[in-house]
Amino acid sequence: MSELHGKRVVLGVTGGVAAYKAAELARLLVKAGAEIDVVLTDAGAHFVGAPTFQAITGRPVWHNLWDSRMDNAMAHIDLSRGADVILIAPATADFLAKLTHGMADDLLSTLCLARDCPLLVAPAMNRQMWQSPATQRNVAQLGIDGVSVFGPASGEQACGETGAGRMLEASEILDELIAFFQPKLLNNQRVLITAGPTFEAIDPVRGLTNASSGKMGFALARACVEAGAQVRLVAGPVVLDTPRGAMRIDVTSAAQMRDAVMQAVDDADVFIGVAAVADYRPVGNAVHKIKKTAAMSIDLVANPDILAEVASRPNAPFCVGFAAESQNLASYAEGKRVAKKLPLVVGNLVQDGLGGDQNAVTLFDANGAHPLSQGHKLAVARDIVKHLATLISKGNSDAQN
Ligand code: CTP
């Protein structure tokens with residue numbers, strides 16, 4: 001997805017060993033469709049040279065305040081004009097201090113002071129430098145001044161120590177930047193999401209499950225985080241990375257999923273049931289592996305319907321259901337919406353199989369059916385968030401039948 005198509009990014013690289021990750025970041029930004037102008041500090045240029053960035057971005061690289069390549073010799077003004085953001089990665093402790101105090105003694109710091117676009121920084125430093133009262137004061141002040149701070153992460157550091165201060169990985173900074181550009185449609189909303197299948201054990205090595213990759217639920221969790229929501233994601237057994245900023249609770253069975261949801265639901269404004277919950281579980285769970293016989297049968301008992309239970313609570317959160325159908329999508333999805341008393345159901349036909357990266361869904365609410373454009377699950381998730389935010393702002397009452 002060309003998620004940064006049409007965006008102009010000034011990428012500032014200051015003097016830390018994490019500058020090597022900035023080369024990868026520049027590559028990812030270009031791949032995502034952004035136009036990049038790299039500005040190096042003198043120290044940054046010691047770690048990675050201008051030719052590397054020039055080759056990656058296909059554009060001139062800047063580091064001198066007195067550079068005569070700009071027509072008016074005002075690189076500090078012209079580079080940030082028309083830029084959508086200035087992103088400093090890595091941002092050293094020294095550079096954060098400079099920004100905090102409005103110092104302007106080189107091209108990058110001058111450009112930051114003279115900017116009229118948002119400033120984002122990805123700090124990178126030794127853990128003691130990060131924890132020092134001076135750096136913490138500076139970072140707090142930058143937050144007050146409207147600067148967005150990405151990371152830092154914790155882990156092994158170049159100096160051999162372990163702790164907070166590592167720069168985020170290039171792909172994580174890219175995700176943060178993409179999220180930065182999304183409209184904050186769910187600001188301050190607390191969203192609880194179920195995703196993936198559940199697994200109902202028959203014996204220690206076998207079980208019943210549903211075919212679900214969890215990709216749609218995880219994409220929705222990411223889209224909600226990007227929209228400014230506080231997200232808790234109750235996930236069945238899937239092999240997917242947790243979307244940055246979401247709090248993940250792993251479960252296996254429907255009963256565990258129900259318990260996790262019930263523990264969290266009091267603090268939720270929105271509940272989205274994306275999980276393909278197994279409707280039944282075996283009666284009992286054999287302690288030992290069941291040996292093969294000529295014929296066998298399994299007695300099943302119904303699992304709790306988590307979504308219906310949440311939707312029927314007094315002061316229920318705004319509830320969204322999913323309906324994956326192989327036929328009669330409109331009547332089945334609308335039937336589920338009415339039966340479970342949901343303001344919104346997301347329906348899709350599963351004729352193309354499950355687990356892909358694309359989806360085509362139709363939204364069903366009190367005003368009828370709203371087909372969304374087919375696309376990557378993240379793009380579809382963002383469109384669902386848009387519709388959801390509109391319904392929430394219109395008020396739950398007129399959205400419900
Ligand atoms: N759901 C749930 N708990 C269950 C079953 C489903 O929370 N035990 C939620 C799903 O997460 C989804 C919606 O309910 O949001 C699906 O509705 P449902 O009628 O249960 O769908 P199916 O199980 O597919 O129903 P059917 O098999 O009858 O089509």
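Indexing begins at 1, ligand by ligand and atom by atom, following the structure's order. Residue numbers count from 1 along this sequence.
Here's the thing with G273: one of its N/O atoms is less than 3.5 angstrom from an N/O atom of ligand 1. At a 3.5 angstrom cut-off on N or O pairs, D279 counts as close to ligand 1. For A276, no nitrogen or oxygen atom sits less than 3.5 Å from a nitrogen or oxygen atom of ligand 1, counting backbone and side chain alike. The N/O atoms of I306, backbone and side chain alike, include one that comes under 3.5 Å of an N/O atom in ligand 1.
Here the SG atom belonging to C319 is positioned 9.5 Å from the CZ atom belonging to R313, to the nearest 0.5 angstrom. The structure places CZ of R190 at 9.5 Å from CG of D266, a figure rounded to the nearest 0.5 Å. Here the straight-line distance linking atom CD1 of I178 with atom CD of Q182 works out to 8.0 Å at 0.5 Å rounding. Here CG of N359 is found 11.5 Å from CG of D383. Values are rounded to the nearest 0.5 Å. Expressed to the nearest 0.5 Å, how far CG of D279 lies from CG of D305 amounts to 7.5 Å.
Atom 12 (C) of ligand 1 has its nearest heavy-atom neighbour, among F322, Y280, Y332, F271, in F322. Here the shortest heavy-atom distance to atom 21 (O) of ligand 1, taken over K336, R337, R281, belongs to K336.
When each atom of ligand 1 is checked for a heavy atom of G321 under 4.0 Å away, the hits are 15 (O). With ligand atoms numbered from 1 in the order given, ligand 1 contributes 3 (N), 4 (C), 8 (N) to contacts under 4.0 Å with heavy atoms of P304.
Closest to atom 4 (C) of ligand 1, if we only count protein heavy atoms, is V277 CB, 3.5 Å. Shortest contact from atom 7 (O) of ligand 1 to any protein heavy atom: L307 N, 2.9 Å.
In this structure, K340 is part of the shell of residues with a heavy atom less than 4.0 angstrom from ligand 1. Between A275 and ligand 1 there is a heavy-atom distance shorter than 4.0 Å.
R232 places no side-chain N or O within donor-acceptor distance of the main-chain N or O of V261, the cut-off being under 3.5 Å. Between the side chain of T14 and the backbone N or O of T92 there is at least one donor-acceptor pair closer than 3.5 Å.
Heavy atoms of other residues, nucleotides or ligands lying less than 6.0 angstrom from CD of E176 number more than 12.
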Could you walk me through whether I384 and F322 satisfy the side-chain contact (heavy atoms from CB on, under 4.5 Å) test, starting with their C-alpha distance in whole Å, then the side-chain angles of each, then the deciding distance to 0.1 Å, before giving a yes or no? CA-CA 11 Å; I384 295 172; F322 269 67; 4.2 Å; yes
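For atom 29 (O) of ligand 1, the protein comes within 4.0 Å by at least one heavy atom.
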